[in-house]
Amino acid sequence: MTPRMFYTLARVLAALTVIPFHEAGHALAAWLLGDPTAKQQGRLSLNPFRHFDLLGTLCMVFAGVGWAKPVSTDPRNFKNPKWGMALTALAGPAANLLLAYLGMVAWKILYYWAPTTMITIFAARFLQYLVMMDVGLAVFNLIPIPPLDGSRILLVVCLLYTSPSP
């Protein structure tokens, strides 16, 4: 296997981990907040094929930022629809930051305690791509431009500051 194929495989595996983790974060938050829509559609899953979008995955592999099929939510199922949508939107980037942190911990453990072999070098490269893609996807999704998650979060923040005090 050439080094280029080695790195591309690590990037593909990282993308197939990062994207479903982000989308499953949205689905889990929606479900915990009272909306069963994503769970009923089978999106409360880390299976990459439940969230797969070919072009979005290719962009993630080769550009570092991509997308998946959006998780469906029904705001009417939330006790407070605005907060429910904002927290559901925030859950994707939060899931990515959590996975990035866990990836860094795993990389540090690998770095200090694992012997240097082709497998550990591949695992370290995979973890490096995992962390970079996770952080990149989280930051990108927090940009407050529709349809990105940041726009839903910004909407609630704006409503908080513009609503009259009781």
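- The salt bridge (charged side-chain N to carboxylate O under 4.0 Å, His left out) pairs that include a residue from residues 41-61 number zero, where partners must be two or more places apart or lie in different chains.
- Closest non-hydrogen pair, A95 versus G25, comes out as CB-CA, 4.2 Å.
- The list of salt bridge (charged side-chain N to carboxylate O under 4.0 Å, His left out) pairs with a residue in residues 70-84, not counting sequence neighbours, reads D74-R76.
- Taking 4.5 Å as the limit, every side-chain heavy atom of F78 sits out of range of all side-chain heavy atoms of L87.
- Atom CG in N47 sits 10.0 Å away from atom CG in L16 (nearest 0.5 Å).
- The shortest distance between side-chain heavy atoms of T17 and L99 falls below 4.5 Å.
- Criterion: ILVMFWY side-chain heavy atoms under 4.5 Å apart, direct or through other members. Under it, L127 and Y112 are part of a common hydrophobic cluster.
- The stretch residues 16-26 participates, sequence neighbours left out, in no salt bridge (charged side-chain N to carboxylate O under 4.0 Å, His left out) pair at all.
- If you chain together hydrophobic residues whose side chains sit under 4.5 Å apart, V61 and L130 never meet in one group.
- Nearest heavy-atom pair, L154 versus P144, reported as atom, atom and distance to 0.1 Å: CD2-CB, 3.5 Å.
- For Y111, the OH atom counts as loosely surrounded, since its 6.0 Å shell holds 12 or fewer non-hydrogen atoms of other residues, nucleotides or ligands.
- Closest non-hydrogen pair, V71 versus A38, comes out as CG1-CB, 3.4 Å.
- No side-chain heavy atom of K39 sits less than 4.5 Å from a side-chain heavy atom of S45.
- The NE2 atom of H51 sits 11.0 Å away from the OG1 atom of T57 when rounded to the nearest 0.5 Å.
- Grouping the Ile, Leu, Val, Met, Phe, Trp and Tyr side chains by contacts below 4.5 angstrom, directly or via other members, places L110 with Y7.
- Cluster annotation: I153 is not connected to L97 through the hydrophobic network of ILVMFWY side chains, with a link wherever side-chain heavy atoms come within less than 4.5 Å.
- When atom types are taken as modelled, the side chain of S151 and the backbone of P147 share no donor-acceptor pair closer than 3.5 angstrom.
- Residues F122 and L9 are in side-chain contact: their nearest non-hydrogen atoms beyond the backbone lie under 4.5 Å apart.
- Taking Ile, Leu, Val, Met, Phe, Trp and Tyr as hydrophobic and joining them when side-chain heavy atoms fall under 4.5 Å apart, one finds W67 in a cluster with L55.
- Looking at every heavy atom in both residues, G103 comes nearest to V131 through C-CG2, 3.9 Å.
- Minimum interatomic distance between A68 and I19 (heavy atoms only, all atoms of both residues): CB-CG2, 3.2 Å.
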Can I get a per-line list of side-chain donor-acceptor pairs under 3.5 Å for residues 134-142, giving both atom names and the distance, sequence neighbours left out?
unit_1 : atom_1 : unit_2 : atom_2 : d
D134   : OD1    : N96    : ND2    : 2.6
N141   : ND2    : L137   : O      : 3.0

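- Considering every non-hydrogen atom in both A15 and P20, the closest pair reads O-CD, 3.9 Å.
- The NE2 atom of H22 sits 14.5 Å away from atom CE of M133, with the distance rounded to the nearest 0.5 Å.
- Residue L32 belongs to a hydrophobic cluster whose other members are L28, W31, L44, with links defined by side-chain heavy atoms closer than 4.5 Å.
- Cluster membership for M118 and W107, using ILVMFWY side-chain heavy atoms within less than 4.5 angstrom, is shared.
- Taking CG of L90 as the start and CZ of R152 as the end, the distance is 12.5 Å to the nearest 0.5 Å.
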